[in-house]
2 protein chains.
Amino acid sequence: MTERGAAAAGGEALLYLTDDQLRKGIEAMYFAYRGFTADPDRILARHGYGRAHHRAIHFINRAPGTTVNNLLSILGVTKQSLNRVLRTLIEDGLVESRIGQADKRERHLFLTAAGRTLDRELSEAQRGRMRAAYREAGPAAVAGFRQVLEAMMDADLRRQFAALREGGP
Amino acid sequence: MTERGAAAAGGEALLYLTDDQLRKGIEAMYFAYRGFTADPDRILARHGYGRAHHRAIHFINRAPGTTVNNLLSILGVTKQSLNRVLRTLIEDGLVESRIGQADKRERHLFLTAAGRTLDRELSEAQRGRMRAAYREAGPAAVAGFRQVLEAMMDADLRRQFAALREGGP
DNA sequence: ATTTTATGTCAGCCTTGTTGACTTTCCAAG
DNA sequence: CTTGGAAAGTCAACAAGGCTGACATAAAAT
């Protein structure tokens, strides 16, 4: 009746891998994500937009001049879905679509001044919550948080994530 | 040109609170959540269900005999939305709805054997990913992960989460 | 010259959220 | 005992945002 699980697993303390701990993590992820999206959702609703618009705005701001295809692969949706969103953002003057210089089939996407304003409003809200959570948890917890999140991504999403890291500041 | 930010903030190393770090956290949360839902989504699609069905099944299994109202407050959707999902689950024989003994207006919800089977399939997939991520990141990272997630929740969701903890095993 | 690629568009479908209106059941307070 | 209100269910209508399939256009690549 000694610590059988731990012993069988090679002497390490693997209590954090019990089904109950895993379930707690799953539920925490669910509730936290709701918090994560709550503030932007409220702002978006005021402007008549949804999360899809937020994602487009975010990644266009993240990589100005990105092509539609590039955005599609980051977001993992169909071009019809993305196009519906992009069309309204362009019509509303938040996004500008420029025909490519080298390859004229491509459209390069940029935020307009108005687009950047909305992006700032959204990202400030989201960063505010993140900052509060980070501050409450402390630097060591934040490092762990980031590690687990990265390990939870699909391989291809992890690559997308890493690519954003390289390109960006 | 010394560490001005840190000094201004009271001598602590607050580099983890820079806007860039916060943005990395935000993007990590987005990509990780996609990984988090990917496996269940595939299983659900095979059965002709969506995420809403998963959530209902999960929390009914979590608290068997829960009332519809209770489930509504956990999930934060309208009764019309939940009802549509519950109806199909009941019709398909995955959920049983029993009229309350004390209060006959209430419906108490239970998974049937078939419901438990699907729940097991879904939660095993999700736990599998979680377990891999936890194992890769290690116990210290997991503790930090959980801390940040909890700090990110809305106050009322945090209460819901805590209540699940108390009630559960 | 032909094929492939990048993009856009139309039409239609599904899930899952919403609001509003209305009914039935039934507990509990007057 | 009557009545107010809570719990639950139902119908209808709508919107966002996914999806597929089909088709058009322009430009690059072969």
Side-chain angles (χ1 to χ4, degrees), chain A residues 30 33-34 37-38 40-60 65-92 95-110, chain B residues 30 33-34 37-38 40-60 65-92 95-110:
Chain A
Y30 168 65
Y33 197 77
R34 277 171 60 183
T37 55
D41 281 355
R42 270 186 291 269
I43 294 167
L44 291 159
R46 279 205 300 273
H47 292 259
Y49 294 128
R51 269 182 217 179
H53 301 87
H54 185 185
R55 293 196 278 264
I57 288 173
H58 175 96
F59 286 108
I60 292 171
T66 187
T67 62
V68 173
N69 245 8
N70 191 8
L71 204 50
L72 280 178
S73 82
I74 288 173
L75 296 176
V77 298
T78 59
K79 62 174 178 175
Q80 291 92 331
S81 257
L82 177 58
N83 201 256
R84 182 168 35 196
V85 165
L86 279 182
R87 194 170 29 200
T88 72
L89 290 175
I90 291 168
E91 278 168 9
D92 295 353
V95 167
E96 194 194 345
S97 167
R98 292 185 209 151
I99 293 176
Q101 298 274 314
D103 187 335
K104 290 177 189 163
R105 291 169 304 178
E106 293 181 341
R107 302 298 140 84
H108 297 275
L109 303 168
F110 300 86
Chain B
Y30 168 65
Y33 197 78
R34 277 172 59 183
T37 54
D41 281 355
R42 269 187 290 270
I43 294 167
L44 290 159
R46 280 206 302 273
H47 293 260
Y49 294 128
R51 270 182 215 178
H53 301 87
H54 185 184
R55 293 196 277 265
I57 288 172
H58 176 95
F59 286 108
I60 292 171
T66 187
T67 63
V68 172
N69 243 12
N70 189 10
L71 205 48
L72 281 177
S73 81
I74 288 173
L75 296 175
V77 298
T78 59
K79 61 177 178 174
Q80 292 91 332
S81 248
L82 177 58
N83 201 256
R84 182 168 35 199
V85 165
L86 280 181
R87 200 182 331 156
T88 71
L89 290 175
I90 291 168
E91 277 169 9
D92 296 354
V95 168
E96 195 194 343
S97 167
R98 292 185 210 151
I99 294 178
Q101 298 273 315
D103 186 336
K104 290 175 189 165
R105 291 168 303 180
E106 294 181 340
R107 301 294 187 277
H108 297 275
L109 303 167
F110 300 86

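Within every chain, numbering begins at 1; the chains are lettered A, B, ... in the order of the sequence lines, protein sequences first and strands thereafter. Only heavy atoms go into these numbers, but all of them, side chains included; no hydrogens, no water, no symmetry mates.
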Does A/Q101 or A/G76 map to a spot on DNA chain D nearer the 5' end, using the closest nucleotide for each?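 First, find each residue's nearest nucleotide; the 5'-ward one identifies A/G76.
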Of A/H53 and A/K104, whose closest DNA chain D nucleotide lies nearer the 5' terminus?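 Whichever sits nearer the 5' end wins; that is A/H53.
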Taking atom [atom2] of [N] as reference, at what distance in whole Å does atom [atom1] of [X] sit?
| X | N | atom1 | atom2 | value |
| --- | --- | --- | --- | --- |
| A/R55 | D/dG17 | CZ | P | 8 Å |
| A/H54 | D/dG18 | NE2 | P | 13 Å |
| A/L86 | D/dA16 | CG | P | 16 Å |
| B/L44 | D/dC19 | CG | P | 16 Å |
| B/D103 | D/dA6 | CG | C1' | 9 Å |
| A/N70 | C/dT5 | CG | C1' | 15 Å |
| B/D41 | C/dT16 | CG | C1' | 13 Å |
| A/E106 | C/dG8 | CD | C1' | 15 Å |

Any B/N69 side-chain nitrogen or oxygen under 4.0 Å from OP1 or OP2 of D/dA8: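 For D/dA8, OP1/OP2 do have a side-chain N/O of B/N69 under 4.0 Å.
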Can you confirm whether [X] sits close enough to [Y] that some side-chain heavy atom of one is under 4.5 Å from a side-chain heavy atom of the other?
| X | Y | answer |
| --- | --- | --- |
| A/L89 | A/H53 | yes |
| A/I60 | A/L86 | yes |
| A/T67 | A/H108 | yes |
| A/Q80 | A/R84 | no |

Only counting residues at least two apart or in another chain, list the ones meeting side chain to side chain donor-acceptor pair (under 3.5 Å) with A/Y49.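 Per chain and number, A/Y49 pairs via side chain to side chain donor-acceptor pair (under 3.5 Å) with A/D92.
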Which of these nucleotides, C/dT7, C/dG17, D/dG17, is closest to any side-chain atom of B/A52?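 Looking only at side-chain atoms, B/A52 lies closest to C/dG17.
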From the set D/dG18, C/dA6, C/dT9, return the single nucleotide nearest to any side-chain atom of A/R87.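 It is C/dT9.
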For A/A102, report the nucleic acid contact type (base, sugar-phosphate, nothing); a contact means any heavy atom under 4.0 Å.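 Sugar-phosphate contact only.
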Output the residues of residues 77-85 of chain A in contact with DNA chain C, where contact means a heavy atom of the residue under 4.0 Å from an atom of the strand; sort by number or write none.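 Heavy-atom cutoff 4.0 Å gives A/K79, A/Q80, A/N83.
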Classify the side chain of A/R105 and the base of D/dA26 as holding, or not holding, a donor-acceptor pair under 3.5 Å.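 Side chain to base: no pair below 3.5 Å.
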For the side chain of A/R107 and the base of C/dT7, is some donor closer than 3.5 Å to an acceptor across the two?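 Per atom types, no contact qualifies.
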Taking atom CD as the centre, does A/E91 end up with more than 12 heavy-atom neighbours from other residues, nucleotides or ligands that are less than 6.0 angstrom away?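 Atom CD in A/E91 is packed in, count exceeds 12.
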Applying side chain to side chain contact (heavy atoms under 4.5 Å, CB included), can you list everything that pairs with A/I90, at least two apart in sequence or on another chain?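 Side chain to side chain contact (heavy atoms under 4.5 Å, CB included) check on A/I90 returns A/V95, A/S97.
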